[in-house]
Amino acid sequence: MIETRSLDVTAIREDFPILDRVINGKPLVYLDSAATSQKPRAVIDTMTDYYCRYNANPHRGVYQISEEATAAYESARRRVATFINAPSPKEIIFTRNVTEAINLVRYSWGRTNVHQGDRILLTQMEHHSNLVPWQLLAAEVGAQLDFLLIDDRGRLILDDLATKVTGARLVALTHQSNTLGTINPVKEIARAAHQAGALVLVDGAQAVPHMPVDVRDLDVDFYGFSGHKMCGPTGIGVLWARRSLLEAMPPFLGGGDMIKKVTLEHATWNDLPWKFEAGTPAVAEGIGLGAAVDYLCGIGMDRIRAHERTLLDYALEKLQDVPQITVYGPQDPDVHGGAVSFSLPDIHPHDLATLIDQEGIAVRAGHHCTQPLMERLGVPATTRASFYLYNRQDEVDQLVDAIVRAQKVFA
Amino acid sequence: MTSDLYREQILDHYKNPHNFGELDDADVAQEGDNPLCGDVITLYLKLDDGKLSRATFRGRGCAISQASASMLTDMIVGKPIEELKHFPSQAVLDELGVPISPARMKCATLAVNTLRVALNGGSGGDDDD
């Protein structure tokens, strides 16, 4: 509770122009930040400023505004590196999003290092973005997939971790489940994986926006995340990887910017990180991500995590008041981030989401790109509410009241 | 809460669907699904002398998908197969009688799309969506 008060949500909300919107006659209650976060004015203004004052192709221009664009873009990279405590900005590869980051590893590291009969260990709660690329790689090279399963509260079962990591080439898992909100013990799993000689890739799309993340402390090998879920723009994401791995990996996409010298027959590769960034990059988006990092740092990731923990704790308690509701995910807010999935026996999630949208409340309904997890939970879909730094406790109350009113429509 | 979309008729069809259940002597049983929502239905069709003599369905999903399947089975019985091969989605939307948002259109047209697939084969034939 003390932490919530220490975050001035009223002031924070003023930073987000969209929160002034009125939907169906009601103020927008945005509870879908796990899908994409809203953007603070600082990010929007920074991108507008780039387009208005120094829009230019970076890296090779010898004129002033190109140098300014290069400086701003590379400065964003340095701030992103600091944000996740990466040893060097050379290890920060800008991608479109975490999906592209994972696919980069699949193509570049995976095709070189995963061979017939090798095993890749995933979990039952992965987003399709950290499942389908490995299915494709496994089919291509003849590797096998194995999975850490979850218990009924949506936590990974780790009893057989030591057995399952043995002989695996790669362990790929999400830091925080986008559907269940479960925060996974990445450090513990990474330790076991490394002892068994496997590398570790983490999908941090739901973690980096919501909690302090330190890739050195986690001691993983690849860590990816998306800018648009952390107050930044769409179209920019990050792959962090250990420098030795990146140096050994072949390029992902070929083209301009990623080369050093090109003849008609051959090319040599640029230094890190540009070796992995072919073509004109998403300059405005990269600079916008830098502004998002500055914005989040100005508030403090530990305070954002504490605020969301309080909201989640409150939501778990309030949702219990809804008759017949099933709430998924861990009950312990220490291992449950700011997203909660639930279902009702008589109302399909899409009907519920449509009904509460009429009250201006935005939640997500569906399989959340985790169809195998839905199978495990035994439901075709769930409704998910997810929180961020700009959400208030009374928005949880509005959500719960709207669910109860929706139940009356279907009664 | 007032809700135009969830007007009484739609909720009635959802809670007490017409023609619900398997049809043992069906000539065609066609599954359809809407992976986005997880809506699934199976249409059972009995054909007689170039006409549809019976239609039932089973399924689960949102109110819009299930109510529109219920309504469709009421609408199509007795009609010539050739006509039903091109049965317009708009007829079901008209029967629902409420504006359907783009996000929910696949729910509303699941049953009628499944009907066209059942009678035309894989492609579903003409789709006027």
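Within every chain, numbering begins at 1; the chains are lettered A, B, ... in the order of the sequence lines, protein sequences first and strands thereafter.
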Atom [atom1] of [X] with >12 non-hydrogen neighbours under 6.0 angstrom:
{"X": "B/Gln9", "atom1": "CD", "result": "yes"}
{"X": "B/Asp49", "atom1": "CG", "result": "no"}
{"X": "A/Arg96", "atom1": "CZ", "result": "no"}
{"X": "A/Arg364", "atom1": "CZ", "result": "no"}
{"X": "A/Asn24", "atom1": "CG", "result": "yes"}
{"X": "B/Glu83", "atom1": "CD", "result": "yes"}
{"X": "A/Arg13", "atom1": "CZ", "result": "yes"}

Atom group of B/Ile64 that falls short of 4.5 Å from chain A, counting heavy atoms: both

Rounding to 0.5 Å, atoms OH (B/Tyr14) and CG (A/Asp351) come to a distance of 6.0 Å

Roughly how far apart are B/Ser101 OG and A/Asp357 CG, rounded to 0.5 Å? 8.5 Å

Any idea which heavy atoms bring B/Gly61 and A/His348 closest together, and the distance? C-CD2, 3.4 Å

Looking only at non-hydrogen atoms, find the nearest pair between A/His350 and B/Arg104 and report the distance. O-NH1, 3.0 Å

Find out whether B/Lys15 and A/Asp346 are in side-chain contact, i.e. whether some heavy atom of one side chain is under 4.5 Å from a heavy atom of the other. no

Are any non-hydrogen side-chain atoms of A/Val409 and B/Arg7 less than 4.5 angstrom apart? no

Which atoms of A/Ala411 approach chain B - backbone, side chain, both or neither, heavy atom under 4.5 Å: backbone

Is the backbone of A/Pro380 close enough, under 3.5 Å, to the side chain of B/Arg60 for a donor and an acceptor to pair up by distance? no

